[in-house]
Amino acid sequence: MRPYSEALQQLLSDVGRLSQSEVESVELMNATGRVLANDVVSPMNVPPKDNSAMDGYALKLNEADGTDAERTWVVTATRLAGDATEINVLAGQAVRIMTGAEVPEGADTVIMQEEVTRDGDVIRIKGEHREGENIRVAGNDIAEGRTIIAAGTRLDASHMGLLASVGVDKLSVYRQPTVALLSTGDELTEPGQPLPAGAIYNSNRYFLLPMLEKLGCKVLDLGTIRDDKAAIRQAFAQAAQDADFVVTTGGVSVGDADFVKEVLDELGNIDFWKVAIKPGKPFACGSLTKDPTKKAGYLFGLPGNPVSAIVTFMLLARPALEQFSGQAVQPLAMLPAKLSQSVRKRPGRMDFQRANYKVSEAGELVVTPFNSQSSGVLSSIAESNCFIVLARDQGSVDEGAQVEILPFRQWL
Ligand code: AMP
Ligand code: MG
């Protein structure tokens, strides 16, 4: 059995990544979830000019002697946001200014209106003030020429706002990987159909499809194939031509109807199978062609048990798909947390126990394992928010001990 980190390294080196030429141009509005192919450099300063952070008065603060409270200014004009008519603020003058309006020439400070008393056109200011106060300086959010988003970033809503703020409306992104999704199993029935004796509903298809889409993949949903070697061979051969990746569930262990591994071995090369993780031991992967010069789909053969399928998808297929998509692969972001009750474990496999973390009243991160850790219990994922990650050689852990947790709901 391969240790997890070794299996992941091998997988990442086998799947590689899209080349710099496999890019396309998208409109800003359609770019969420896509992976940026080039750094984006800001073509401008944000804000473009000094502007006011408050509704108040723009003036030159220290042009006369005396404390702020002793001096007066005469209001000569008003400037609203969006108004750029020329105004020159002379000594002793002030301009009524609104939030977001450009600071007029000659003014160096904005005094918020709550700090001002006004009598006709004459204002006085309360308290002591600092030159430059309440001015958002040009370029202080983003300076022209700065790299604002690095190549390899998957664009989210915050990036959309940032790109819009510098006026960018088209982006170069990697093409989306195509993934063929297949379930195997004679026992599988689709929701909406009556359930025959001996059957169960296909659940894997229904969580893998949205998880793949969330990763930015184009999914070819190929439904279910029976546990029949010829049918599996035909489906794999076709899928390998149509898609960059083939994701299957079921049929990878050593049962009498488990043909996925056999067919992968026949058509292509098994990279490895059996990773020392729990849940998820029977996981097979490899290229669906024997010819290394030929481009064909790469198969992730996930186990049939729903929890094993979801865990191996999150831990192995997901990072591989992210890397292939052009994203920078991040190490698992684990957090330390205190166990609210003991957990049982036998040394031998790295364990990903489903659990819930929360912040206790004392302000500590505390984690409680889900009551069933069986790999068939999908409710353990639906009702949890993290894995307790226990090292391969680790045994049981006592209540109160510190463990590492891996939040996972961002992938669902
Ligand atoms: P297998 O890996 O094919 O031996 O399947 C292991 C277990 O997972 C069996 O109990 C299967 O019935 C179950 N299983 C396989 N595929 C699915 C699926 N798509 N949805 C729900 N359960 C499944
Ligand atoms: Mg099966």
Side-chain angles (χ1 to χ4, degrees), residues 26-32 36 38-150 153 155-172:
V26 289
E27 302 280 329
L28 179 61
M29 265 306 182
N30 302 324
T32 321
L36 203 57
N38 302 114
D39 290 351
V40 175
V41 170
S42 177
M44 60 178 277
N45 280 325
V46 178
K49 294 275 173 57
D50 291 1
N51 74 41
S52 178
M54 291 286 171
D55 295 328
Y57 293 87
L59 45 77
K60 195 171 179 76
L61 188 64
N62 291 328
E63 92 284 0
D65 292 336
T67 65
D68 293 348
E70 286 163 359
R71 286 179 276 134
T72 58
W73 286 262
V74 178
V75 180
T76 55
T78 297
R79 181 167 268 190
L80 308 180
D83 172 6
T85 47
E86 206 172 304
I87 301 173
N88 204 352
V89 184
L90 304 177
Q93 295 183 339
V95 169
R96 171 95 175 112
I97 193 166
M98 304 303 149
T99 305
E102 273 180 25
V103 177
E105 202 65 34
D108 59 17
T109 304
V110 171
I111 307 295
M112 64 191 278
Q113 84 189 29
E114 291 82 347
E115 294 287 297
V116 167
T117 50
R118 182 166 175 169
D119 183 11
D121 283 339
V122 176
I123 61 167
R124 287 172 190 279
I125 58 184
K126 305 180 222 168
E128 285 300 309
H129 293 270
R130 183 178 51 77
E131 200 174 292
E133 167 174 309
N134 298 322
I135 292 180
R136 304 166 176 154
V137 178
N140 90 332
D141 180 356
I142 299 161
E144 184 179 334
R146 193 185 108 189
T147 297
I148 51 167
I149 312 176
T153 303
L155 299 170
D156 67 21
S158 75
H159 302 120
M160 295 299 107
L162 193 65
L163 289 160
S165 78
V166 299
V168 169
D169 69 336
K170 279 193 188 61
L171 295 154
S172 173

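- Of all non-hydrogen atoms in R79 and A101, the two that sit nearest each other are O-CB, 3.6 Å.
- Interatomic distance, K60 NZ to L90 CG, rounded to the nearest 0.5 Å: 10.5 Å.
- With values rounded to the nearest 0.5 angstrom, K126 atom NZ is found 6.5 Å from T117 atom OG1.
- Nearest approach of N38 to S172, heavy atoms of both residues: OD1-OG, 3.3 Å.
- Atom CE in M54 sits 7.5 Å away from atom CD in E114 (nearest 0.5 Å).
- Applying the side-chain hydrogen bond (donor to acceptor under 3.5 Å, both in side chains) test to every pair with at least one member in residues 99-108, sequence neighbours left out, gives these pairs: D55-T99.
- Here the straight-line distance linking atom OG of S52 with atom CG of L80 works out to 11.5 Å at 0.5 Å rounding.
- In plain terms, the two heavy atoms of D50 and A138 that are nearest each other are OD1-N, 2.8 Å.
- Note: R146 CZ to N45 CG = 11.0 Å, rounded to the nearest 0.5 Å.
- Annotation for H129 and L61: closest pair O-CD2, 3.5 Å, computed over non-hydrogen atoms.
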Would you please test W73 and Q93 for side-chain contact (heavy atoms from CB on, under 4.5 Å) and show each step? CA-CA 5 Å; W73 286 262; Q93 295 183 339; 5.8 Å; no

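- In this structure, P43 and V168 approach most closely via the heavy-atom pair CD-CG2, 4.5 Å.
- Counting heavy atoms from C-beta outward, I125 and E115 have side chains that stay 4.5 Å or more apart.
- Among all heavy-atom pairs drawn from P104 and I97, the shortest one is CD-CD1, 3.9 Å.
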Before you tell me yes or no, could you show the steps for N62 and T109 under side-chain contact (heavy atoms from CB on, under 4.5 Å), namely the whole-Å CA-CA distance, both residues' side-chain angles and the distance that decides it to 0.1 Å? CA-CA 9 Å; N62 291 328; T109 304; over 6 Å; no

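- Here the side chains of K170 and E27 are in contact, with some heavy-atom distance below 4.5 Å.
- In this structure T85 satisfies the side-chain contact (heavy atoms from CB on, under 4.5 Å) test together with D83, sequence neighbours excluded.
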Test log, rule side-chain contact (heavy atoms from CB on, under 4.5 Å), inputs I123 and L59: CA-CA 11 Å; I123 61 167; L59 45 77; 4.1 Å; yes

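- In this structure, D119 places its CG atom where only 12 or fewer heavy-atom neighbours from other residues, nucleotides or ligands lie under 6.0 Å away.
- No donor-acceptor distance shorter than 3.5 angstrom exists from the side chain of T147 to the backbone of I149, with no hydrogens or angles considered.
- With contacts defined as side-chain heavy-atom distances shorter than 4.5 Å, the pair L171/L28 qualifies.
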I'd like to know whether T32 forms a side-chain contact (heavy atoms from CB on, under 4.5 Å) with L155, so could you lay out the CA-CA distance, the side-chain angles of the two residues, the decisive distance to 0.1 Å, and finally the verdict. CA-CA 5 Å; T32 321; L155 299 170; 5.8 Å; no

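- Between M98 atom CE and Q113 atom CD the span is 7.0 Å, to the nearest 0.5 Å.
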